[in-house]
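In what follows, a structure is listed as structure tokens, so that the remarks can point back to it.
Here is the naming used below: chain letters follow the sequence lines, and residue numbers restart at 1 for every chain. Just the heavy atoms: all of them, side chains too, but no hydrogens, waters or symmetry mates, feed the values below.
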There are 2 protein chains.
Amino acid sequence: MDQVDHGSYVPVYQQLVAIMKKRIESGEFPPGRLIPSEKTLQQEYGVGRDTVRRVVEILREEGLIFTVPHRGSYVAER
Amino acid sequence: MDQVDHGSYVPVYQQLVAIMKKRIESGEFPPGRLIPSEKTLQQEYGVGRDTVRRVVEILREEGLIFTVPHRGSYVAER
DNA sequence: AGTAATTTGTTCGTATGTATC
DNA sequence: AGATACATACGAACAAATTAC
């Protein structure tokens, strides 16, 4: 499950939240590290910005990342 | 009548049209002023974007506001 | 010092699907 | 059957701040 399925009944944004959580928890993005930019995530997963921003917002609300405007989103300390 | 009643027989969009008219006519949004964005209105009234866009469209057709794409909707001169 | 590229913030435009009344 | 209403999803445009060179 490393890609998004547009045909699934599970919303794309929920799928991508799960993917990004896995990438963070696996250690691919350690605390303090910048996650890929919105544009990069759009291209990597073939989704719209709307969807990416929603995913980032959810990760932020759940405390996994924090966003610095015009810089990017960093993985939070755990 | 500053909030929307989802249980009413009056459609939500009509209720919201009435509310926004009142807000405009009361002077809360003077001519030239931007009204709240679609997203803000969604959150303020707990309605979907569909409904908000319909409200804005009606206000526009009635000449109370005019919309500039990617900017917002301004209160018209009266 | 200054310009260009990058990145997030914000807003409206459009379309589709689903459910309810 | 039709109107109402919400959710999802992609685009496009522009602003503003930061970073890179």
| For Gln15(A) and dT8(D), what is the distance between atoms CD and P respectively, to the nearest whole Å? | 13 Å
| request: Map Lys39(A) and Tyr9(A) onto DNA chain C by nearest heavy atom, then report which one ends up closer to the 5' terminus. | output: Lys39(A)
| More 5' along DNA chain D: Gly46(A) or Gly48(B), using each one's nearest nucleotide? | Gly48(B)
| said: Distance check needed: dC10(D) C1' versus Arg49(B) CZ, whole Å only. | reply: 11 Å
| Between Ser37(B) and dT11(C), does any side-chain N or O lie under 4.0 Å from OP1 or OP2? | yes
| request: May I ask you to check whether over 12 heavy atoms, not counting those of Arg60(A), lie within 6.0 Å of atom CZ? | output: yes
| Listed nucleotide nearest any side-chain atom of His70(A), set dC12(C), dT18(D), dC10(D) | dT18(D)
| field | Exam field: side chain Gln15(A) to backbone Asp5(A), donor-acceptor pair closer than 3.5 Å | value | yes
| message | Output the rounded distance in Å from CG (Leu34(B)) to P (dA15(D)). | response | 14 Å
| task | Would you mind reading off the distance between Arg60(A) atom CZ and dG9(C) atom P, rounded to a whole angstrom? | result | 6 Å
| query | Nearest to the side chain of Val12(B), which nucleotide is it out of dA5(D), dC12(C), dC6(D)? | reply | dA5(D)
| query | Quick one: Tyr74(A) OH to dT7(C) C1', roughly how many Å, whole number? | reply | 11 Å
| query | Looking at Tyr13(A), does any N or O in its side chain come under 4.0 Å of the phosphate oxygens OP1/OP2 on dT8(D)? | reply | yes
| N or O in side chain of His6(B) less than 4.0 angstrom from dT4(D) OP1/OP2 | no
| task | From the options dT8(C), dT8(D), dC12(C), select the nucleotide whose nearest atom is closest to the side chain of Pro11(A). | result | dT8(D)
| query | Charged N to carboxylate O under 4.0 angstrom, Arg23(B) versus Glu44(B)? | reply | yes
| Between Lys21(A) and Glu62(A), does at least one N-O distance fall below 4.0 Å, as a salt bridge requires? | yes
| task | Please report, rounded to the nearest Å, how far the C1' atom of dA5(D) is from the CG atom of Leu16(B). | result | 13 Å
| Under the salt bridge (charged side-chain N to carboxylate O under 4.0 Å, His left out) criterion, do Arg54(B) and Glu61(B) qualify, and how do the steps go? | CA-CA 10 Å; Arg54(B) 193 168 189 159; Glu61(B) 284 171 355; over 6 Å; no
| field | Arg54(B) side chain near dT4(D) phosphate (N/O to OP1/OP2, under 4.0 Å) | value | yes
| note | Ile35(B) atom CD1 is separated from dT10(C) atom P, nearest whole Å, by 18 Å
| message | Expressed as a whole number of angstroms, how long is the span from Asp50(A):CG to dA15(C):C1'? | response | 13 Å
| task | Remember a base hit wins even if backbone is also touched, and classify Val56(B) as base, sugar-phosphate or nothing at under 4.0 Å, heavy atoms. | result | nothing
| request: Look at the side chain of Arg53(B) against the base of dT14(C) and say whether a donor-acceptor pair falls under 3.5 Å; ignore hydrogens and angles. | output: no
| said: With hydrogens left out and only the distance checked, is there a donor-acceptor pair under 3.5 Å joining Arg71(A)'s side chain and the base of dT6(C)? | reply: no
| Would you say Thr51(A) reaches dC10(D)'s phosphate, i.e. side-chain N/O to OP1/OP2 under 4.0 Å? | yes
| field | Arg78(A)/Glu25(A) ion pair, N-O < 4.0 Å | value | no
| query | Hey, which of these two, Gln14(A) or Gln42(A), hits DNA chain D nearer its 5' end, going by closest nucleotide? | reply | Gln14(A)
